[in-house]
Structures are given as C-alpha cells and as structure tokens.
Amino acid sequence: MINAPRGVEDLLHPKSFYYAQIEKEARDFFSLYGYEEIRIPTFERTELFLRSVGEETDVGKQMYTFKDRGGRSISLRPEGTAGVARAYVEHKLYGSKKEWKVYYMGPMFRYEKPQMGRLREFYQIGVECFGEKSPWLDVEIIEMAYRFLSRIGLTDMEVQINSIGCKDCRGRYVEVLKDYLKDYLDSLCDVCKRRYHYNVLRVLDCKNPTCRSFIEKAPQIKDYLCSSCEEHFNYVKKGLENLKIKYTINPYLVRGLDYYTRTIFEIISPHLGAQSTVCAGGRYDDLVSQIGGPSTPAMGFAIGLERLVMGLKKEGVSLKTPSQLTFFIAMLDQRYMEKGMQVASLIRSTGAGASVSFKESSLSSQLRQANKKNFSWVIIIGEEEIQKKKFLFRNMRSGKQYEVSTNSIEEFIKNLKGVS
RNA sequence: GUGAGCGUAGCUCAGUUUGGUUAGAGCACUGGAUUGUGGCUCCAGUGGCCGGGGGUUCAAGUCCCCCCGCUCACCCCA
C-alpha cells in the first residue's frame, strides 16, 4: 500500500466542490474589478524565487528544488507573485503604460513540517496589479479581498493593516528599533535574540510575554515614516473608511521579505489556531526591479484556500450545491440493465441528471440509496414495466408514482423542469 | 529542525492504568420483518495482520525497545 507523500492531501467531495466553487466565484468577482486570469508555470528557475525573496537563507530551504536533466536548478513555486512578476517583465508589459491587473489560482509548494492549515502542497488564489502607485489601488485591493471573502460567506474577519514604509524610512526605523532593543537584548527570548540580527522587525510579532512587554514600549514605525509614505498611508486609511471597510492598524504587522513597501495587510479569521491568516497582501514596489525589470510599483494579495475553507467550516457556513433535477434508476434484476442505460442516456440528453444502480440489490436497498443521496426521483424498472412498456417514476419527496411510457419520458421531464 | 499527543472495523471511538478465554459500541453497509417501495422502528449479518518489527511472559491490543505514520505547537511564514 503506497500512501500519499507527507503534507499533501486528496481533495474529495465536498472539499473539492468547495475549492471549485470558490475558484469559480473568484473568476467572476475579480473580473468585476477589471482583472484577467493568468496561468503561470508551477515551476520556475530557482534563481527567480531566490532573487525575489532576497538574501534570506531560510526561505530557500523551504522550497522543493531539484536539478532538471540539463543541470538547471528548478523549484516548484512556493508562491505566485514571483512568477507573475517574471511574466510581467518577460512580456515587457511595462511598455504599455497601462496598469496590468491579473489573478491566478492553483497549487503552491513549500517543504515545511505540516500542521493545522499548513500543507506542503496548498492552494492559493492571488491577485496582482503592476504599474500603479496610487494609494487608491491599495484601497481597492483590500476592498476586493474583503468583499470576496464576505461573498464566499466568511463573516468573522479582522482586517489588519500597517505601513512598513519604503527602503529609506524603514531603514532608519530599523536602526532606531535596534538601538532601543539593544538594552534589553539579554531579556529577550532566544528566538528574538536571533531575530534581532537577521530580521529585527520580526521581533515585533513575537508572542512571548516578556518580549511583548518590551515591544509595547518600543518606538513604532508610524512615527518614522517619511512624508510621502505617511501621506500614502493616510489615503489608504481614509479610503477604507470611505468604503466602510472596518480595519485595525496593527503596528506590529510586518513582513519577512524586504521587497514589501508601504501598505501591508492581512485578513484574519479568529479561532483558526496558530495559522489564522486567511489572506495576506501588500505593496511591493521594489520587486520588479529586484528581478531585473524597470522599477515598477505593484500590489497584490493571496488567499489560502485550506484556511478559508476551515474558517467557513468553523463558522458553520456551507456552500450549497445547486439543486438539480436528478433521477436514480433502480432495477429489479440485472436483466434490465440495457433498458436502464438507455433511459439514463435519454434523461441526460434533456439536461437532467441520471444515475444507474449498477449493483444487484433489493428494491428497498436501492430506494434507500436514492434517499441517502438525495435524488428527487427514482425510476423503477421491473418485469411489469417491461411488459407494459412503461416506467414507474417515483417522486421521493411526495411518494407519488407515475407510469410513463417510453416515448413520453422527454415530455414528462420537460414538464417537471417547468415546475421546479 | 525541536517538543508534545495520538495510531483498535469504512468512519467516530471504548478497552491499555492493574497482561488472562472467541477484541466491543455507535454510525455506515447487507439481508429480513414488508415474495416490487426509501425515511421511523425492531431483528440478524458482513466487516479487525489492535500502524509495523523486535523483546519480556505460560499468555501481549494491554508492559519494554526501535521504526513508520498522523496531529498540534514551536521555528519559519513568500
């Protein structure tokens, strides 16, 4: 018995249905904002991801990386943004002066130890816009994420925003923060001691109570933003209020990567444990230049499907399967299979659903099956029906039965459709 | 990478503390009560390498060791 590798899962119904439904909704909804779908490769040159995440060493270790037969280093995409940015540069879309608005969806891969809401293969839906620096884009994108999640049915959400400034003002802030923490370095937790050196901003979201007490009194980035970053952030806040999007400013919200600039945001679904971020996004004005394109402002977000579905489940939201006219064809003997298959075929040609009972079992059992699976109608085929050249249509809601002759089946179904 | 918890029927779990005949329940499935009619009820039945291997013992689901897997948390989080 060969099991699936660690950290991957089969998506069975109803989860597969949920994913499909959410993806369908995403296509419809994002297009209302003028976004088009892009399908990017599931693997890229490793270098692309390494360059997009910066010099960070830990991150590279969490990728599925291998050499192809030509000796090139290839990695399965750990996220969507880098690939989209690469496509933007490769197709020279910056030439057209217009902003480029795209969405994508599909599996991502990270070699991590699986835990709640975190798998090695996981699904994301993402949105990116290139070539627009206006804070109003930030507002629209946050709105789009928020409204999309509401539309799917998530109600318990918290929108958190923050500005981490640009290279210049963040650089200054990092120095100030380091200077402040220097005196407490010995009291910080072991993890923060390390973070102090390689990514001091990460100290800000440490959960350790002792660290927290120092963090609460620490200087905050909002007081160190340069005037244009501050102005940008003010527009974002005002814009969100204008659209009645409730948000909280989380001064400790940070990002591990250094291509992020200015606005960053997360949408949290509480009661999802340690992995409660359903949607994370932000502005990344430095990414395109980092991977070799012309300096281009950009902003986007990604939604994690497993967490979204978990959130829906916790809230008791269920996405309804569209009610469909469905027939279950029960046979009293395998001899009538040929007839049964013909009837099923005929029914499907009218656009209604039909399932044939393949197994030989009692009529009781077949009706039980049909009931369990929520069929609205059962067609019974037995000796009597064959003799009379009529089929017995049983309505599973009312229990009423109708004799329908072979050549009036289509008409019968047509009438049913008119009613339902 | 670190730590903790768990692994018994298709599913959810009891039984493990204190070793003792043939390993249980509920749900699901199949049949019957109803010789061709579902849901409710009742009766019966199918279904287990008790995660794998080794050890202790007259005897191991139960105790000991190793391995594997799952889960949660930490780390990390694009």
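Being a predicted model, the structure only gives us computed values, none of them experimental. To find a chain, count down the sequence lines: A is the first, B the second, and so on, and within it residues start at 1.
What separates CZ of A:R120 from C1' of B:C76 is a distance of 13 Å, to the nearest Å. Rounded to an integer number of Å, the gap from A:I268 CD1 to B:C77 P is 16 Å. Protein atom CD1 of A:I291 is 14 Å distant from nucleotide atom C1' of B:A78, rounded to whole Å. Per the geometry, CD belonging to A:Q275 stands 7 Å off P belonging to B:A73, to the nearest Å. The CZ-P distance, from A:R118 to B:U71, rounds to 13 Å in whole Å. Atom CZ of A:R202 and atom P of B:A78 are 5 Å apart (whole Å).
OP1 or OP2 of B:A73 has at least one side-chain nitrogen or oxygen of A:Q115 nearer than 4.0 Å. Distances shorter than 4.0 Å separate none of the side-chain N or O atoms of A:R77 from OP1 or OP2 on B:A78. Proximity of A:R368 to the phosphate of B:U30: a side-chain N or O atom is located under 4.0 Å from OP1 or OP2. Using a 4.0 Å cut-off, no side-chain N or O of A:K113 falls inside it from OP1 or OP2 of B:C72. Within the 4.0 Å cut-off from OP1 or OP2 of B:A78, not a single side-chain nitrogen or oxygen of A:Y284 is found. Contact check, A:S364 against B:G38: a side-chain N or O comes under 4.0 Å of OP1 or OP2.
Comparing A:E383 and A:S365, the nucleotide of RNA chain B nearest to each residue sits closer to the 5' end for A:S365. Along RNA chain B, the nucleotide nearest to A:V191 and the one nearest to A:L332 differ in position, and the one closer to the 5' end is contacted by A:L332.
Considering every non-hydrogen atom in both A:L392 and A:E403, the closest pair reads CD1-CG, 3.9 Å. In terms of heavy atoms, A:F265 sits closest to A:M299 at CE2-CE, 3.8 Å.
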With Watson-Crick and G-U wobble geometry limited to distances under 3.5 Å, how should the secondary structure of RNA chain B be encoded in dot-bracket form, using | for bases paired to another strand and [ ] for crossing pairs? (((((((..((((......[...)))).(((((.......))))).....(((((..]....))))))))))))....
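A:I264 CD1 to A:I161 CD1: the interatomic distance, rounded to the nearest 0.5 Å, is 10.0 Å.
Here A:Q124 lies out of heavy-atom contact (under 4.0 Å) with every strand. Across all strands shown, A:M116 has heavy atoms under 4.0 Å from sugar-phosphate atoms exclusively, and none from any base. Among the protein residues, A:R394 comes within range of the nucleic acid bases, having at least one heavy atom under 4.0 Å from a base atom. A:A370 comes within 4.0 angstrom of nothing in the nucleic acid, heavy atoms only. Within the 4.0 angstrom heavy-atom criterion, base atoms lie near A:R110. Using a 4.0 Å heavy-atom cutoff across all strands shown, A:G399 reaches at least one base atom of the nucleic acid.
For the C1' atoms, the distance from B:G32 to B:U17 is 43 Å, rounded to whole Å. Rounded to the nearest Å, the gap between the C1' atom of B:G10 and that of B:G47 is 9 Å.
A heavy atom lying under 4.0 Å from RNA chain B marks none of the residues of residues 304-311 of chain A.
When each of A:R283, A:Q290, A:R51 is tested with A:Y259 by the rule side chain to side chain contact (heavy atoms under 4.5 Å, CB included), just one qualifies, namely A:Q290. For the ring-ring contact (aromatic ring centres under 6.0 Å, His included) test with A:F375, the passing option among A:F327, A:F328, A:F393 is A:F328; the others fail. Of the candidates A:F301, A:W136, A:Y33, A:I141 forms a side chain to side chain contact (heavy atoms under 4.5 Å, CB included) with just one, namely A:F301.
In this structure, A:R262 is not positioned above the aromatic face of A:F233 in the sense of NZ or CZ being under 6.0 Å from the six-membered ring centre and within 45° of the axis. For the pair A:R172 and A:Y224, the cation does not sit on the ring face, since its NZ or CZ is not both under 6.0 Å from the ring centre and inside 45° of the axis.
Taking the six-membered ring where the residue is Trp, A:Y184 and A:F214 present parallel rings, their angle staying beneath 30° rather than reaching 60°.
The listed nucleotides are B:G36, B:C76, B:U2; the one nearest the side chain of A:E384 is B:G36. Nearest nucleotide to the side chain of A:A274, out of B:C74, B:U71, B:A78: B:C74. In this structure, of B:G32, B:G36, B:U30, it is B:U30 that holds the atom nearest to the side chain of A:Q369. Comparing B:C72, B:U37, B:A28 by their closest approach to the side chain of A:Q401 singles out B:U37. Picking from B:C75, B:G38, B:A78 the nucleotide with the shortest atom distance to the side chain of A:R195 gives B:C75. For A:N371, the listed nucleotide lying nearest its side chain is B:G38; candidates were B:C72, B:G38, B:G31.
Note: A:Y35 and A:W100 fail the aromatic proximity criterion, with ring centroids not under 6.0 Å apart. The six-membered or imidazole ring of A:F130 lies near that of A:Y88, with a centre-to-centre distance under 6.0 Å.
Between A:E25 and A:R27 there is no salt bridge, since none of the side-chain N atoms of the basic residue sits less than 4.0 Å from a carboxylate O of the acidic one.
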